[in-house]
Amino acid sequence: AMRRLALRTTQVLVDLAVLALALVFAFAARFDGQVESEMLKRLVFALPYVVGFQYLVLLGFGVPRFVWSYVSLREIRLIGVALAACAVMLLVARFTAPLFSTFTGRARYAAIPGGVIVIDFALAFLGIAGVRGVRRIVAERTKKNSLRSSQTPRIPTLLVGAGQAGALVMKEIVARPELGIDPVGFLDDDAMKHGMAIRGVKVLGPIEARPEQAALHRPKQVIISM
């Protein structure tokens with residue numbers, strides 16, 4: 001329980017740090033590193049509010065609950081939608097706040113330039129999605145190394161079908177080294193896939209070429225992944 005709490009706390013702190021750095025670098029990029037005193041005050045004043053607001057919206061979209069090592073295109077899309085919603089709301093606040101007579105004193109520091117908001121969206125998206133992507137890459141590499149070092153006898157295996165089912169089969173093979181499967185390659189009739197790779201395993205050629213590929217790679221079993 002303590003380890004899980006520490007992990008969750010670390011992830012929250014990383015997200016908050018990424019959002020804060022994105023806003024700082026957005027100001028720096030917008031003003032070519034020459035942030036004047038007035039804009040610097042706006043940055044300092046708005047930073048905790050903007051970061052807190054962005055994190056609450058991400059929380060509303062369920063982003064902090066995503067398991068980092070299994071992040072997929074669906075999660076990346078939701079991150080983009082959540083941060084885009086933040087940017088739109090910040091832009092609305094930027095252009096409507098001056099219309100109110102109460103927009104005086106320290107409140108003027110809340111008016112973040114539109115260019116900063118747009119740059120911040122791009123940097124925040126790259127950062128939030130990026131740290132999760134890096135975590136997934138590290139997790140998959142660790143699993144692959146575990147597969148290589150596993151004491152389970154590994155059986156050279158040819159996979160027939162390099163479509164969605166084939167990708168799911170490879171995901172399972174990588175995730176479960178105890179299966180003892182050593183994929184030597186895919187066969188698929190889609191010529192566009194020949195020479196490409198799925199999770200590091202190459203698509204060798206069409207299905208009709210299995211005798212030649214079997215003689216070349218000497219698999220001991222075949223998995224029909226289609």
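Model, not experiment: these values are computed from the prediction.
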With clusters defined by side-chain heavy atoms of hydrophobic residues (ILVMFWY) lying less than 4.5 Å apart, directly or transitively, does Val131 cluster with Phe25?
no
Give a yes or no on this: more than 12 heavy atoms of other residues, nucleotides or ligands lie within 6.0 Å of atom [atom1] of [X].
| X | atom1 | result |
| --- | --- | --- |
| Met89 | CE | yes |
| Leu73 | CG | no |
| Gln221 | CD | yes |

Using the ring of each side chain (for Trp, its six-membered ring), is Phe125 parallel, tilted or perpendicular to Phe121, with breaks at 30° and 60°?
parallel
Does a side-chain heavy-atom distance below 4.5 Å link [X] with [Y]?
| X | Y | value |
| --- | --- | --- |
| Pro183 | Met170 | yes |
| Leu179 | Arg176 | yes |
| Ile119 | Leu123 | yes |
| Asp182 | Thr157 | no |
| Leu187 | Gln213 | yes |
| Met39 | Val116 | no |
| Val201 | Ile173 | no |
| Leu78 | Phe66 | yes |

Could you pull out the closest heavy-atom pair between Ile79 and Ala129, with the gap in Å?
CD1-CA, 4.2 Å
Please report the closest heavy-atom contact between Ala124 and Leu19, naming both atoms and the distance.
CB-CD2, 4.0 Å
So does [Y] get a backbone contact from the side chain of [X], meaning a donor-acceptor N/O pair under 3.5 Å?
| X | Y | value |
| --- | --- | --- |
| Arg218 | Ala214 | no |
| Arg132 | Val71 | no |
| Thr9 | Leu7 | no |
| Glu75 | Ser72 | yes |
| His194 | Asp188 | yes |
| Ser225 | Gly161 | yes |
| Arg94 | Ile112 | yes |

Could you go through Asp120 and Arg30, starting from their C-alpha distance and side-chain angles, then the distance that decides it, and tell me whether this counts as salt bridge (Lys or Arg N to Asp or Glu O under 4.0 Å)?
CA-CA 10 Å; Asp120 176 60; Arg30 169 62 179 81; over 6 Å; no
Side chain to side chain donor-acceptor pair (under 3.5 Å) between Gln11 and Arg8, intermediate numbers included:
CA-CA 5 Å; Gln11 290 177 336; Arg8 295 295 302 135; 2.4 Å; yes
Quick one: CG on Asp15 to OG1 on Thr10, what's the gap to the nearest 0.5 Å?
11.0 Å
Nearest 0.5 Å, please: how far is CZ in Phe186 from CD1 in Ile207?
12.0 Å
